[in-house]
Number of protein chains: 2
Amino acid sequence: MRETILEIENASHILKLLGDKTRLTIIAILSKRECCVCELLEVFDMSQPSVSQHLRKLKDAGLIKEERRGQWIYYSLNSQSESYDLIQDILQHIPDQTENIRKIEEIKPTLRCDC
Amino acid sequence: MRETILEIENASHILKLLGDKTRLTIIAILSKRECCVCELLEVFDMSQPSVSQHLRKLKDAGLIKEERRGQWIYYSLNSQSESYDLIQDILQHIPDQTENIRKIEEIKPTLRCDC
DNA sequence: TAATTATATAATCATATACTTATATAAAAC
DNA sequence: GTTTTATATAAGTATATGATTATATAATTA
């Protein structure tokens with residue numbers, strides 16, 4: 001597959017969302033691993049509401065989905081999105097996120113529980 | 001090839017530039033055909049300075065190049081850009097621009113010379 | 001049920017963005 | 001050399017964006 005054609009307005013909207021360093025990194029991380037907000041907070045030097053607002057924009061566009069599990073809300077890439085193919089193609093061109101994922105897994109904020 | 005990895009800041013900057021309907025359309029058109037400003041003006045419902053300013057941003061980022069030929073300055077995609085592969089991958093997901101190119105070629109502003 | 005934890009939302013604000021009109025520059029035509 | 005044509009640049013402006021702090025909500029724990 002990997003060939004879904006999007007309307008130009010739709011495509012530019014997706015690209016604008018990915019045109020922010022924080023959101024692009026979030027998408028890259030979520031493409032490898034579902035995360036809750038407090039896990040993503042380990043990666044970014046910004047407030048919790050900022051991260052939540054970025055996630056909201058990505059969710060509003062259908063790029064990610066959320067699933068509550070207890071007190072945590074886990075975010076993951078929405079593979080059903082019509083933009084999924086475009087995103088996969090873009091992700092091929094950015095650095096892998098193993099270092100950021102290491103940060104998350106090293107600290108395990110969902111066990112520590114004081115984010 | 002088609003696998004150039006860009007720094008995350010660099011990639012997000014390129015995506016932000018393409019995250020505008022006008023600029024994304026310009027890039028799609030230029031990927032098929034070099035154009036001068038007065039040709040692109042046939043496609044967009046906006047002022048000449050607006051189109052020029054979009055072209056300037058794309059040029060500043062190295063995505064396009066310009067070549068003066070007489071009174072016209074022709075813009076084209078810069079295949080030497082390190083973002084070229086990313087752009088090609090993105091262009092696969094947006095509609096082809098034959099209708100817009102038809103508009104340009106039908107009116108031939110460089111012959112009419114009153115843009 | 002009260003306190004804690006995780007997350008979302010609201011309000012605010014400074015900066016960025018995308019347009020406009022006015023003007024400058026540079027080549028072509030007269 | 002003056003006028004026209006093509007394009008760029010400058011200045012101004014309204015709106016969008018991305019952050020912050022403060023507060024609300026919802027689940028968990030004590």
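A note on names: the letters A, B, ... follow the listed sequences, proteins ahead of strands, and every chain is numbered from 1.
In this structure, CG of D20(A) is placed 18 Å from P of dT15(C), rounded to the nearest angstrom. For the pair R68(B) CZ and dA27(C) C1', the computed distance is 6 Å after rounding to whole Å. Separating the CZ atom of R69(B) from the C1' atom of dT5(D) is a distance of 18 Å, rounded to the nearest angstrom. Spacing between atom CD of E34(B) and atom C1' of dT7(D) amounts to 16 Å, rounded to whole angstrom units. The nearest whole Å value for the distance from the CD atom in E42(B) to the C1' atom in dT7(D) is 15 Å. The separation between Q71(A) atom CD and dT5(C) atom C1' is 5 Å, rounded to whole Å. One atom, CG of L17(A), and another, P of dT17(C), lie 15 Å apart when rounded to the nearest Å. Between Y74(B) atom OH and dT5(D) atom P there is a gap of 17 Å when expressed in whole angstrom units.
A donor-acceptor contact shorter than 3.5 Å links the side chain of H93(B) to the backbone of T4(A). Here the side chain of R23(A) pairs a donor or acceptor atom with the backbone of L17(A) at under 3.5 angstrom. A donor-acceptor pair is defined here as one N or O able to donate and one able to accept, closer than 3.5 Å; such a pair exists between the side chain of R68(B) and the backbone of G70(B). Using modelled atom types, no side-chain atom of S81(B) and backbone atom of N78(B) make a donor-acceptor pair closer than 3.5 Å. A donor-acceptor pair is defined here as one N or O able to donate and one able to accept, closer than 3.5 Å; such a pair exists between the side chain of S31(A) and the backbone of A28(A).
For the segment residues 43-61 of chain A, the set of residues with a heavy atom within less than 4.0 Å of an atom of DNA chain D comprises M46(A), S47(A), P49(A), S50(A), Q53(A), H54(A), K57(A), in numerical order.
Which of dA28(C), dA6(C), dT7(C) sits closest to the side chain of I73(A) comes down to dT7(C).
Listed pair K16(B) / dT17(C) meets the phosphate criterion, a side-chain N or O lying under 4.0 Å from OP1 or OP2. Taking side-chain N and O atoms only, R23(B) has a distance below 4.0 Å to OP1 or OP2 of dA18(C).
Hydrophobic clustering keeps I8(B) apart from I5(B) (ILVMFWY residues linked when any side-chain heavy atoms are closer than 4.5 Å, directly or through intermediates).
Contact check on R69(A) versus E67(A) returns a salt bridge, with a Lys/Arg side-chain nitrogen under 4.0 Å from an Asp/Glu carboxylate oxygen.
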